Amino acid sequence: MKVMLFSLIILSYFGIADSTAQQINNNEDIEATVFGLLNLKHNYEELMSKKRTNSANERKTLTASELNKSEYGRSVKMIKDNAPKYLAYIEKAMSKDAETLSKQYIIYQKIPVWDSGARDRYVISKLDYLKGVKYSLFEQKSDELLHLYKIPGIKLKYPIPTSSAIRPVKLK
């Protein structure tokens, strides 16, 4: 009887340990998918920047068509189809790891090499990235990550100065 009870305890322990390990792997997969979406977004933007059309209507049709065919579009759809799982991860990360994520930065939008502007003007924290994913895909139900200016509360690491922050220089 004692051996049977002991065996049951050991088996249940390994069952719990195994499910915990699966949960950790699952969270790592979710994290990799959420942050991997950014690289897919960059690849998609680069592809679309090479395509030229004659009209805005053609561009919109082409964009929607290419988005559905792209790995980026498929990843967005997969995340949205599994919304409870991904939202739970995002919410947990935003509350539990907020301090750490707010100090880690990523480039949100790919800057073309010929762009002479500041190379890091679209740098945001990972915390703001998660806010952007949540807002874009789940609150606005967009089929892609929105542009930064459309996401409320996002802070750029290197903010663009506003006209009130720019002071005129007097020339002598």
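Keep in mind that the numbers below use all heavy atoms, side chains included, and drop hydrogens, waters and symmetry copies. Everything quoted here is computed from the prediction, not taken from an experiment.
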- Please walk me through it: do Gln104 and Leu101 pass side-chain contact (heavy atoms from CB on, under 4.5 Å)? CA-CA 5 Å; Gln104 297 173 350; Leu101 292 172; 3.8 Å; yes
- Message: Run Val133 and Tyr86 through side-chain contact (heavy atoms from CB on, under 4.5 Å) and show every step you take.
- Response: CA-CA 10 Å; Val133 170; Tyr86 284 92; over 6 Å; no
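- Here the side chain of Ser136 pairs a donor or acceptor atom with the backbone of Leu146 at under 3.5 angstrom.
- Residue Ile106 holds its CD1 atom at 5.0 Å from CG of Leu38, rounded to the nearest 0.5 Å.
- Annotation: Lys80, atom NZ; neighbour count of heavy atoms from other residues, nucleotides and ligands within 6.0 Å is above 12.
- We find the OH-NE2 distance between Tyr108 and His147 to be 8.5 Å, quoted to the nearest 0.5 Å.
- Nearest heavy atom pair, residue Leu40 against residue Tyr72, reads O-CB, 3.7 Å.
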- Query: Is there a side-chain contact (heavy atoms from CB on, under 4.5 Å) between Glu45 and Lys41 once you walk through the steps?
  - Reply: CA-CA 6 Å; Glu45 288 171 347; Lys41 174 186 183 294; 2.4 Å; yes
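- The two atoms that bring Ser125 and Ser102 nearest to each other are CB-O, 3.7 Å, heavy atoms only.
- Remark: Glu139 CD is packed, more than 12 non-hydrogen atoms of other residues, nucleotides or ligands lying under 6.0 Å away.
- To the nearest 0.5 Å, the span separating CG on Leu130 from CG on Asp97 amounts to 9.5 Å.
- Scanning both residues, Val76 and Asp143, for their nearest heavy atoms gives CG1-O, 3.4 Å.
- Distance check, rounded to the nearest 0.5 Å: OG1 of Thr33 to CG of Asn82 gives 9.5 Å.
- Atom NZ of residue Lys134 and atom CE of residue Met94 lie 4.5 Å apart, to the nearest 0.5 angstrom.
- Checking Tyr105, Tyr135, Phe35 one by one against Tyr129, the ring pair (Phe, Tyr, Trp, His ring centres under 6.0 Å) holds for a single residue, Phe35.
- Without hydrogens or angle criteria, His42 side chain to Leu37 main chain gives no donor-acceptor distance under 3.5 Å.
- Note that the NZ atom of Lys131 and the CD1 atom of Ile151 stand 11.0 Å from one another [nearest 0.5 Å].
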